[in-house]
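Each remark here refers to the structure printed beneath this line.
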Amino acid sequence: METESEPYVRLASLRQLHQAMAGMNTARSLADTLQTVADGAVSALGYEMACVNLVRPDGDLVVAAFSGNSAAEALVTGRVGSRVSWERRLSMGEAWGDLRFIPHTEGWVLDEDDVPQWFTDGPAPRFEDEWHPSDRLFAPMYTPGVQGPSGELLGVISVDRPRNGRHPGAWGREALQMYAFQAAIAISNARLRANMQRALVRLEREQQALRASEESFRQAFEYAPSGMAIAEMGGDQHGRILRTNDALCRLLGRPASAMRRYSFSDLVHPEDIGTLLRTSAEGGRAELRLGRRDGSYVWVSLRNSVVADAADGPRFLLTHVEDIEERKRRELQLAHRASHDSLTGLPNSAELRSRLSARLCQRPTTAGVIESLDAAYGHPAFDVNGHGFDFASSGGAETYDGFDHHVHTVAPEGGQDDGTKGLAVLFCDLDGFKSINDRFGHNAGDAVLIEVARRLSRGVRDGDTVARLGGDEFVILADGLGKADAQDLAVRLRNEIIQPIRAEGRAVRVGASFGIGWAHCGMTADEVLKSADERMYVEKRSRPKQHRRAG
């Protein structure tokens, strides 16, 4: 304030105080807010210097802003004082309402503590209320809505050297106390804006503070760098999107007006509906794909929190949407590298065995079947004489094999094609490949392997698997083939492979030997592959060496 005598206060001084408080609430960041608080104590309250000490998460106080003296600012800004030392200061001296004044006659005991401070020299006071350079005046700031020691301490405003040279009177004290109260509100609002992510995690605990700061919440929601949405919770319109921010609209390429016609279940990829439904509304998290306006999908992470509109009013779902497309792409690339051959891009040996094992099952023991039947039908599967119950007459399956929802893999029987369709496993080994490596080098050999992989992939059906087992060995899994079908497929693939291949600027040729094995439940993947491998070697030995490459 100006240096007028109390209780007469000029209107200009009140305007300055009002402008300082307005400036605190319009600052764009927490740092700007803290500096505005320090500057306002100098410009509007009439002190030569002001310092804002902010409570850190560990409880100690750091000098976060300073105004009025550049030398003192450079000396103390960023330094930390312990909570114990500050509590000592706030418990001694004279209590002026919530303010704490420590006269120079008592303050000398604080000269050596760890609270950052500046020292000024000056003569002893000439009259009773004259300000001494060693006098200290502190204005504690408490959490909004709770004033005094019962509230949580946010920080302390330290002021020094009133311009009129006197201790503040009743009006000056009231103005500083009111200013500290408004500063606490401004700092709390700035923290909400600057720490939106933390506010989401603590949303349930801070709902009351957020309701008191509706405008601050609106700004934080609108300008959040990641997607945000508010949806209805409960009732006929459960899940309908009520409001979205610009970041989410840009991510999905949809205007806000269009977003209000959807719920997340309308936008989610069909394969991810189950993931969305399993996500808990309160604190739930999910990673799924959302549809863009152009028909493409983007991987996002959803995190939900519940917001109450009023004490007994409706509840809304606040959803944080984070773009994880790049991370998912990297994960898929890593998974592909782990399961595919780096040279040809085909599934590798581990992936081949995984796909083959997924089609096979190991038949359970008799005891296991009986136990499964007992559990499935709620009564013993066999009577006391060992006879099985007629499940068909009681509404059950006519046969039971101990496997739920599994279609057994069978193999054609005998030497002739009996019409049975099974899972054919074609083991392919290249003939003459080693000589290409020896004569023309490994680059030529690699080119041959890449071209063979392309021709094999081109020659099979969609859904069949072509894998590189290792070296010059390939395996094809083709389901739903009879014996004649499998033999025809082997002939077609061999004819594709024996065509000339361009490698290192020259045309080379390789042959191929195929062995056809059949997978059926009860076998392991290694047993199936071994059977096909043995048949391949039988076929290779049965053909004259000079004709192997020509096919």
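Source: prediction; values computed, not measured.
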**Within the 6.0 Å centroid threshold, strictly below: W118 and F66** = yes
**Request:** Run the numbers on R353 and S349 for side chain to side chain donor-acceptor pair (under 3.5 Å), then give the verdict.
**Result:** CA-CA 6 Å; R353 285 173 166 80; S349 175; 2.3 Å; yes
**Request:** Could you pull out all residues at least two apart from E174 that satisfy salt bridge (Lys or Arg N to Asp or Glu O under 4.0 Å)?
**Result:** none
**Prompt:** Is R166 reaching over with its side chain to a backbone N or O of W131, donor-acceptor style, under 3.5 angstrom?
**Reply:** no
**Asked** With a 4.0 Å cut-off, would you call R303 and E322 a salt bridge?
**Response** no
**Message:** For the backbone of A22 and the side chain of N25, can you confirm whether one donor and one acceptor N or O come within less than 3.5 Å of each other?
**Reply:** no
**Prompt:** In terms of heavy-atom contacts, does CZ of R293 have more than 12 from other residues, nucleotides or ligands at under 6.0 Å?
**Reply:** no
**Request:** Check the pair T344, R468 against side chain to side chain donor-acceptor pair (under 3.5 Å), reporting the backbone distance first and the verdict last.
**Result:** CA-CA 8 Å; T344 63; R468 183 185 177 196; 5.3 Å; no
**Request:** Look at atom CD of Q333 and say whether more than 12 heavy atoms of other residues, nucleotides or ligands are closer to it than 6.0 Å.
**Result:** yes
**Fill in**
Taken in chain and number order and not counting sequence neighbours, the residues that satisfy salt bridge (Lys or Arg N to Asp or Glu O under 4.0 Å) with R261 are none
**Residue pairs, two or more places apart or on separate chains, that pass ring-ring contact (aromatic ring centres under 6.0 Å, His included) and touch residues 75-99** = W86-F138, W96-F101
**Prompt:** Is a donor on one side and an acceptor on the other found under 3.5 Å between the side chain of S91 and the backbone of E87?
**Reply:** yes
**Message:** Could you check whether D111 pairs with R136 (Lys NZ or Arg NE/NH1/NH2 to Asp/Glu carboxylate O, under 4.0 Å)?
**Reply:** yes
**Asked** Is a side-chain donor or acceptor of R83 paired with a backbone partner of L61 at a separation under 3.5 angstrom?
**Response** no
**Prompt:** Donor-acceptor pair, S43 side chain versus D39 backbone, under 3.5 Å?
**Reply:** yes
